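To find a chain, count down the sequence lines: A is the first, B the second, and so on, and within it residues start at 1. Computation of the quantities below employed the complete heavy-atom set of this structure, encompassing side-chain atoms and omitting hydrogens, waters and symmetry-equivalent molecules. Every value quoted in this text rests on a predicted model; they were computed, and no experiment measured them.
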Number of protein chains: 2
Amino acid sequence: MEEVAKVAGVSLATVSRALRTPEAVSPKLRTRIEEVSRRLGYAPNRIAGSLAGARTPLIGVIVPSLTNSFFAGTLEQMTTLFEAKGYQLMIGQHGYDTDREERIVAAFASWNPSALVVTGRAHTRNTLNTLSSSACPVVEMWDHGERPLDSGIGFSNRAAGKLAARFFAEQGIAKAAFVGAILDKDDRARARAEGFRQEFLHLTRFEPLIVTANNRELGEGGSALKRVLGQQPETSAIAFSGDMLAVGAMFEADRIGLSIPGDLKILGYGDLDIARNTNPRLTTIRPPHNAIGEAVVRHVLERLEAPDTPSVNLDLGVKLILRETV
Amino acid sequence: MEEVAKVAGVSLATVSRALRTPEAVSPKLRTRIEEVSRRLGYAPNRIAGSLAGARTPLIGVIVPSLTNSFFAGTLEQMTTLFEAKGYQLMIGQHGYDTDREERIVAAFASWNPSALVVTGRAHTRNTLNTLSSSACPVVEMWDHGERPLDSGIGFSNRAAGKLAARFFAEQGIAKAAFVGAILDKDDRARARAEGFRQEFLHLTRFEPLIVTANNRELGEGGSALKRVLGQQPETSAIAFSGDMLAVGAMFEADRIGLSIPGDLKILGYGDLDIARNTNPRLTTIRPPHNAIGEAVVRHVLERLEAPDTPSVNLDLGVKLILRETV
DNA sequence: GTAATTTATGTAAGCGCTTTCATTTGGGTT
DNA sequence: AACCCAAATGAAAGCGCTTACATAAATTAC
């Protein structure tokens with residue numbers, strides 16, 4: 001920058017202004033400075049800029065997993081949307097480990113970002129402290145519940161589980177089961193399982209079988225199906241915590257000669273692309289993935305542009321996509 | 001930090017040392033300082049630290065897409081591995097747009113990261129300039145080719161395409177086709193298509209049909225299948241640029257009553273989890289996804305620990321996974 | 001033409017750390 | 001006890017910018 005200032009024959013301050021707030025500098029100087037800095041290939045040092053200025057153009061976003069297509073999709077969307085406004089995403093991933101989340105949140109906060117976005121509502125005490133003592137807007141996304149730390153944008157997983165149960169009950173299903181991936185770690189899937197259990201029990205007086213799969217991949221869907229059938233042979237409908245598990249179960253059903261939905265009804269969750277393409281096409285529950293990404297970006301941008309904008313706590317709801325497996 | 005220094009009754013320098021290089025400070029002072037900073041909840045300001053020190057603990061990684069499970073997997077792996085060494089990933093995503101890549105690279109470079117990792121070998125002139133003028137190690141991953149900018153770790157997509165063609169030719173296939181997603185933008189898929197075309201033509205004197213799909217999702221696999229069959233009805237084998245497309249085609253084949261591999265042979269690419277679970281199970285080509293992530297991390301860490309470590313240019317090769325669709 | 005504004009530029013004080021260099025302290029040696 | 005050397009600590013100089021604040025230049029008002 002010093003170089004640019006010298007060549008352009010102006011002071012450091014003027015260069016900074018020409019680059020940062022072009023309207024504050026006279027047109028002729030501005031063009032000269034821009035020309036010189038381009039010619040010299042000057043690239044401002046963000047770090048210095050951020051130290052001197054108040055904030056970084058960084059938005060910290062923390063998700064449990066990058067390979068989960070929901071979060072990947074939300075992140076991709078947010079990246080693009082924020083980038084257009086000059087913000088840069090700092091992405092963290094903790095693999096459903098709240099201690100790791102704690103460390104990541106602390107690390108992110110130490111860059112004093114413009115905003116912090118975390119996934120879910122379950123955090124350690126320290127995470128909560130770091131989050132609430134950071135000066136920026138904080139949004140907890142994907143889960144809806146009472147009293148978010150600052151803003152909350154998501155939907156109720158419990159309600160999603162209940163929706164599935166109600167749907168099964170309405171179809172006159174007597175014995176149902178729920179298959180969830182890593183129910184011990186993924187509290188969102190656990191909330192769906194619990195909502196399902198409660199509502200199905202309430203509606204039919206039957207306590208549904210809950211089975212935990214070790215991951216969210218297809219193979220596990222197949223083996224979970226076998227386990228369900230082993231433990232509760234008369235099961236006529238299974239709700240899965242993810243479409244991939246459901247599809248895996250469909251493949252397995254195909255192999256063991258079970259017809260769907262005749263012998264067994266299957267309900268997915270996620271409405272991934274694959275759900276529209278299987279034979280038969282998968283009936284599933286769609287979380288508001290795109291709406292979440294958009295709402296988060298919109299809200300954060302609003303807060304950043306008008307700091308007195310109040311926090312929000314949005315429930316975006318889920319939707320049952322009726323296709324052919326139930 | 002000033003606060004901590006005052007309370008502990010030492011100078012700023014000592015606090016900094018106690019936290020940064022504990023072995024340089026006497027045990028009793030060290031424990032006192034650590035205790036005080038914990039009690040005060042002191043969180044160092046990374047930005048100031050980086051400005052004063054030489055480098056940030058940031059590693060910039062730029063991929064075309066976050067929703068592509070390869071990149072997502074590599075990123076997840078790299079995040080975990082680097083995190084263990086105290087580095088933090090800065091993830092960028094450009095959607096196969098080299099101009100966007102240019103902007104992202106520039107933005108990342110301005111944080112002067114410890115290393116920069118980009119995907120592929122196709123970059124704009126400016127990207128190349130920024131990359132080579134940045135003081136840190138640069139690795140181009142996923143593609144192998146001559147003379148990387150600095151280090152290169154990947155495999156040859158062209159060779160992967162040739163492998164598919166050779167395999168088909170050996171099976172005695174007369175009329176083959178290749179279906180690739182967004183061949184106009186994804187130069188890796190294009191390289192595979194081109195390798196396939198060249199080798200199949202060379203081996204059988206038959207110019208295979210090349211069809212472009214609009215995205216890498218299942219639905220497109222189905223419609224691409226219809227297009228292939230429309231344009232070249234006698235096609236007996238199709239290679240796809242991705243497993244999802246291949247699976248989509250399998251679903252469609254099922255719908256139109258085509259038996260696989262009897263009527264039509266299908267070869268995927270990626271060896272995603274789903275490939276092991278379809279009926280029949282998908283024969284596919286597996287790129288060295290995990291090996292790439294590991295090799296990148298290992299190499300970068302080496303370079304960072306011993307700056308005189310030479311660059312590398314690794315070809316990790318691909319593997320044909322023989323299953324039931326060919 | 002001068003005074004009062006407004007606008008454009010320059011000066012210099014940090015931002016919160018790290019690190020060099022100088023100084024002090026605490027053991028060993030003789 | 002005097003001396004030397006290594007280890008521990010402190011003082012202070014930046015790191016490369018931004019931004020009050022001060023100053024100069026250009027307008028406008030009278």
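Judged as a side-chain contact (heavy atoms from CB on, under 4.5 Å), and not counting sequence neighbours, the contacts of A:Asp187 are A:Ala122, A:Asp143, A:Arg190. Qualifying side-chain contact (heavy atoms from CB on, under 4.5 Å) partners for A:Asp99, counting only residues two or more places apart in sequence or in other chains: A:Asp97, A:Glu102, A:Arg103, A:Thr124.
Comparing C:dC17, D:dT18, C:dC15 by their closest approach to the side chain of A:Leu51 singles out C:dC15. Each of D:dT18, D:dA8, D:dG14 was ranked by its minimum atom distance to the side chain of B:Ala52; first place goes to D:dG14. Minimum atom distance to the side chain of A:Ala48 is reached by D:dC17, of the listed C:dT9, C:dG16, D:dC17.
Going from atom CD1 of A:Ile47 over to atom P of C:dG14 covers 23 Å, rounded to whole Å. Note: CD (B:Glu3) to C1' (C:dC17) measures 16 Å, nearest angstrom. For B:Arg55 and C:dT18, the CZ to C1' distance is 15 Å, given to the nearest whole Å. Going from atom NZ of B:Lys28 over to atom C1' of D:dT9 covers 11 Å, rounded to whole Å. The distance between atom CG of A:Asn45 and atom P of C:dC15, rounded to the nearest whole Å, is 18 Å. Following rounding to the nearest Å, B:Asn112 (CG) and C:dC17 (P) show an atom-to-atom distance of 18 Å. Rounded to an integer number of Å, the gap from A:Leu19 CG to D:dT19 P is 13 Å. Atoms CD (B:Glu2) and C1' (C:dG14) sit 13 Å apart, rounded to a whole Å.
Between A:Leu116 and A:Ser134, some side-chain heavy-atom pair lies under the 4.5 Å cut-off.
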Tabulated below should be each protein N or O lying under 3.5 Å from an N or O of nucleotides 23-26 of chain D; please produce it.
none

**Prompt:** Hey, mind stepping through A:Thr14 and A:Ser11 against side-chain hydrogen bond (donor to acceptor under 3.5 Å, both in side chains) and telling me if it holds?
**Reply:** CA-CA 5 Å; A:Thr14 307; A:Ser11 72; 3.1 Å; yes
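A close approach under 4.0 Å does occur between a side-chain nitrogen or oxygen of B:Ser26 and OP1 or OP2 of D:dT9. The side chain of B:Tyr42 contributes no N or O atom lying less than 4.0 Å from OP1 or OP2 of C:dG16.
Each end of the helix from C:dG1-D:dC30 to C:dT30-D:dA1 yields a helix axis from five base pairs, and these two axes differ in direction by 40° (to the nearest 10 degrees).
Contacts between residues 8-18 of chain A and DNA chain D, defined by a heavy-atom separation below 4.0 Å, involve A:Ala13, A:Ser16, A:Arg17, listed by number.
No donor-acceptor pair under 3.5 Å is formed between the side chain of A:His289 and the backbone N or O of A:Thr74. B:Ser65 places a side-chain N or O within 3.5 Å of a backbone atom of B:Thr67 that can act as its donor or acceptor partner. With B:Ser16 contributing its side chain and B:Leu12 its backbone, the two residues share no donor-acceptor pair below 3.5 Å. Between the A:Arg30 side chain and the A:Pro22 main chain, a donor and an acceptor come within less than 3.5 Å of each other.
At a threshold of 4.0 Å, the pair A:Arg38-A:Glu34 does not count as salt-bridged, since none of the basic side-chain nitrogens sits closer than that to a carboxylate oxygen. Between B:Arg39 and B:Glu35 there is a salt bridge, since a side-chain N of the basic residue sits under 4.0 Å from a carboxylate O of the acidic one.
Residue pairs that meet the ring-ring contact (aromatic ring centres under 6.0 Å, His included) test with at least one member in residues 120-143 of chain A, sequence neighbours left out, are A:Phe70-A:Trp142, A:Phe71-A:Trp142, A:Trp142-A:Phe155.
Residues A:Arg188 and A:Thr119 bring no donor and acceptor atom of their side chains to less than 3.5 Å of each other.
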